Amino acid sequence: MSERDDPTPAVRIDEDRDGPLEIVGRTHLTATVTGTVVVAAGAELRLSGQVNGEIVVRPGGELVLLGTVKGAVINEGGAVGIFGFVGRVEDRGGKESWVSRGAIVGGVRSPRPMKLSRFLALNAGG
């Protein structure tokens, strides 16, 4: 369920904190988390802040990355959209992440919206 479909207001986290942090509902993170963030099944995270670590998206979880992840986003079967900056993205659960135009993955800017596999193929070897 996307943010537009759910009338429940998102919880806003706007104070820096250390992880691990588990997201279990609709959450908008505008602060900095140092450590791992886990997006549980059925949860939605809108990140416009920063994670100094990794984000793990469980099957059925949803991540909209507008901010920065200095480590990896590991998609274990959720819905992942990359619009900001991330060190790397790994799809492990059968659902493919999307990279938007202008997003930066591993230091490379995406020229257009595309699936992660296409982005990686275009940038293989450097």
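Heavy atoms only: backbone and side chains are in, while hydrogens, waters and symmetry mates are out. What you see is a predicted model, and the numbers here were worked out from it, not measured in a lab.
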The side-chain hydrogen bond (donor to acceptor under 3.5 Å, both in side chains) partners of Glu90 (sequence neighbours excluded) come to Arg88, Arg92
Margin query: Quick one, Val64 and Leu47 - any side-chain contact, counting heavy atoms below 4.5 Å?
Written below: no
- Out of curiosity, does Ile74 fall in the hydrophobic cluster containing Val69 (side-chain heavy atoms, cut-off under 4.5 Å, transitive links)? no
Taken to the nearest 0.5 Å, the spacing of Lys70 NZ from Glu54 CD works out to 15.5 Å
Grouping ILVMFWY residues whenever side-chain heavy atoms fall under 4.5 Å, the cluster of Val24 otherwise contains none
Would a 4.5 Å heavy-atom cut-off, applied to side chains only, mark Phe83 and Leu65 as touching?
no
Is it true that Val11 and Leu66 fall in one hydrophobic cluster, defined by side-chain heavy atoms closer than 4.5 Å? no
Ala41 and Pro59 have their tightest heavy-atom pair at CB-O, 3.1 Å
Applying salt bridge (charged side-chain N to carboxylate O under 4.0 Å, His left out) to Glu76 and not counting sequence neighbours gives Arg58
One should read off an interatomic distance between Thr27 OG1 and Leu63 CG, to the nearest 0.5 angstrom, of 11.5 Å
Would you be so kind as to tabulate the donor-acceptor pairs closer than 3.5 Å made by side chains of residues 104-119, with sequence neighbours excluded?
unit_1: Arg109; atom_1: NH1; unit_2: Gly102; atom_2: O; d: 3.0
unit_1: Ser110; atom_1: OG; unit_2: Ser100; atom_2: O; d: 3.4
unit_1: Ser110; atom_1: OG; unit_2: Arg112; atom_2: O; d: 2.7
unit_1: Ser117; atom_1: OG; unit_2: Glu96; atom_2: OE2; d: 2.4

For Val99 and Ala103 the tightest heavy-atom approach is CG1-CB, 3.8 Å
Table please: side-chain donor-acceptor pairs of residues 28-38 below 3.5 Å, with sequence neighbours left out.
unit_1: His28; atom_1: NE2; unit_2: Ser48; atom_2: OG; d: 2.8
unit_1: Thr30; atom_1: OG1; unit_2: Ile13; atom_2: O; d: 3.2

Taken in chain and number order and not counting sequence neighbours, the residues that satisfy side-chain hydrogen bond (donor to acceptor under 3.5 Å, both in side chains) with Asn52 are Gln50
Heavy-atom nearest pair, Gly78 first then Val57, reads CA-CG1, 3.9 Å
**Prompt:** What about Trp98 and Leu120, same hydrophobic cluster or not, with Ile/Leu/Val/Met/Phe/Trp/Tyr joined at side-chain heavy-atom distances under 4.5 Å?
**Reply:** no
